Amino acid sequence: MYALADCNNFYVSCEKVFNPSLNGKPVIVLSNNDGCVVSRSNEAKALGIKMGEPAFKIVDLVEKNNVAVFSSNYVLYGDMSQRVMNTLATFTPDIEIYSIDEAFLKLHTLKNINFLDYAYKIRNTIKRYTGIPISIGLAMTKTLAKVANHIAKKNPKYNGVYIIDSEEKRIEALKSIEIADIWGIGRQYSRFLERYKVKTGYDFTMLPPNWVKQKMTVVGLRTQKELSGIPCIDLEYEVPRKKAICTSRSFANMVSDLNTIEEAISYFASSCAYKLRKEESVAQLLMVFIRTNFFRKDLEQYASVRTITLPVPTNSSIEIVSYALYALKSIYKPGYEYKKAGVIVSGISPDTQVQTSLFDDIDRNKHNNLMKTMDMINNKYGKNTIRLAALGCGRRLKMRQEKISPFYTTRWEDIITVKV
DNA sequence: TCTGGGGTCCTAGGACCC
DNA sequence: TCTGGGGTCCTAGGACCC
């Protein structure tokens with residue numbers, strides 16, 4: 001038996017935990033730069049505010065209905081997520097943390113328990129320990145557990161828990177769910193399937209498997225089997241090493257001069273290097289991209305990307321920043337208004353397995369020691385307390401974050417940093 | 001004026017090997 | 001007139017997830 005535990009309106013729920021006056025009110029959380037709506041309370045959903053809607057399009061609606069608006073506070077949400085996951089892990093060792101607000105649990109090792117009772121117990125404990133409301137769906141495959149979770153969320157009468165534990169319930173559940181709401185069926189496939197009169201999850205399970213495989217690859221076939229009750233996707237117990245790491249941002253205001261973009265790229269590159277070190281990985285490939293604002297049809301558009309193969313795989317900020325700046329200079333063109341830029345590293349391997357080069361003239365031990373010391377200091381005194389000069393003083397490219405909530409759960413250093 | 005960020009997997013096709 | 005068979009690796013593009 002698989003269970004999917006999913007936090008309700010997660011970011012909004014995090015804000016509510018520390019600000020109970022928000023209860024019963026429409027609340028939304030915005031993406032970086034206060035761009036789009038990424039989390040909504042039930043009251044906000046009832047007002048018709050859509051997921052992903054640009055904030056500027058709903059200004060009137062927000063004002064008229066007194067909607068509480070927050071910039072996203074990922075430090076807070078990350079910390080709350082950890083609390084939820086730690087509590088979930090006390091119920092079974094078989095847990096896969098699937099995203100910031102979701103986890104799959106496998107309950108097969110627990111003998112002689114009533115799954116439904118157990119799920120309610122989990123739900124109540126999470127609420128009591130963390131203040132976060134969750135929904136739980138149970139079924140014999142992960143994809144069906146997702147369906148069960150969907151039903152638990154949509155129907156208040158189930159009190160946040162639903163189980164598919166019979167053939168009748170499986171068919172009933174699949175008939176009630178739209179094809180677009182199935183895990184693994186996105187926008188393109190649901191549109192495509194609707195052309196073949198496939199409207200519900202049930203319709204999808206009735207298609208010939210060969211046809212599904214031909215049109216939707218083995219991935220689609222797996223989804224179909226899982227919906228039929230045949231498990232194809234097991235729990236992932238260990239977090240696999242990342243194959244690519246990316247840091248990118250949109251700029252609050254468009255930027256055209258090279259100096260400012262250099263500072264941004266330096267910041268993104270050193271952030272990628274830091275993430276690599278945290279994973280104990282090194283990267284051999286580096287990509288830098290820049291682009292103008294696609295939404296501004298009135299302005300001239302330009303987008304470019306440059307990939308560089310590093311001579312020796314590395315996670316040194318010094319090396320990665322300098323190659324990133326080199327790549328940037330090769331694609332930067334003056335005269336455009338740039339809106340977004342980023343750095344991606346890939347070709348990743350463990351930092352214990354570096355293929356060195358005969359002609360390498362870098363003292364890698366020295367770099368490693370320096371990076372270790374830098375990380376230690378920054379972990380203690382706050383991000384970028386010590387940084388490469390190329391990053392500048394970081395004032396020129398501030399994100400728009402007008403409605404950020406306090407860092408309720410983390411170290412005082414973070415709070416001080418924000419006030420500064 | 002204002003439109004997020006960070007990932008994964010699969011397939012087809014081309015280049016290459018013996 | 002006729003021109004093999006069996007592989008690997010890499011990349012771009014397209015789908016998906018939160």
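Computation of the quantities below employed the complete heavy-atom set of this structure, encompassing side-chain atoms and omitting hydrogens, waters and symmetry-equivalent molecules. Here is the naming used below: chain letters follow the sequence lines, and residue numbers restart at 1 for every chain. In this text, all values refer to a predicted model and were calculated from it rather than measured experimentally.
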Kindly give the heavy-atom pair with the smallest separation between A:Asn8 and A:Ser135, and that separation in Å. OD1-OG, 2.8 Å

With respect to the phosphate group of B:dC2, does any side-chain polar atom (N or O) of A:Arg296 fall under 4.0 Å of OP1 or OP2? yes

Taking all non-hydrogen atoms of both residues, which atom of A:Ala273 and which atom of A:Asn315 are closest, and how far apart? CB-O, 3.6 Å

The residue among A:Leu30, A:Val27, A:Asp34, A:Val37 that forms side-chain contact (heavy atoms from CB on, under 4.5 Å) with A:Val69 is A:Leu30

side-chain contact (heavy atoms from CB on, under 4.5 Å) partner of A:Phe289, chosen from A:Val305, A:Val343, A:Leu328: A:Val305

Side-chain N or O of A:Ser72 versus OP1/OP2 of B:dG4: is the shortest distance under 4.0 Å? no

Identify, between A:Arg222 and A:Asp34, the residue whose nearest nucleotide on DNA chain B lies closer to the 5' end. A:Asp34

Can you tell me if the side-chain N/O atoms of A:Lys146 get under 4.0 Å from OP1 or OP2 in C:dC18? yes

Of A:Pro54 and A:Ile245, the one whose closest DNA chain B nucleotide lies more 5': A:Pro54

For B:dG5, does OP1 or OP2 lie under 4.0 Å from any side-chain N or O of A:Ser250? yes

Choose from B:dG5, B:dC10, C:dC16 the nucleotide whose nearest atom is closest to any side-chain atom of A:Val218. B:dC10

Report yes if at least one side-chain N or O of A:Lys340 is closer than 4.0 Å to OP1 or OP2 of B:dG5; otherwise report no. yes

So if I take every side-chain heavy atom of A:Ser99 and compare against B:dG7, C:dC18, B:dT3, which nucleotide ends up nearest? C:dC18

Under 4.0 Å from OP1 or OP2 of B:dC2: is there any side-chain N or O of A:Lys339 that close? no

Roughly how far apart, to the nearest Å, are C:dC18 and B:dT3 at atom P? 25 Å

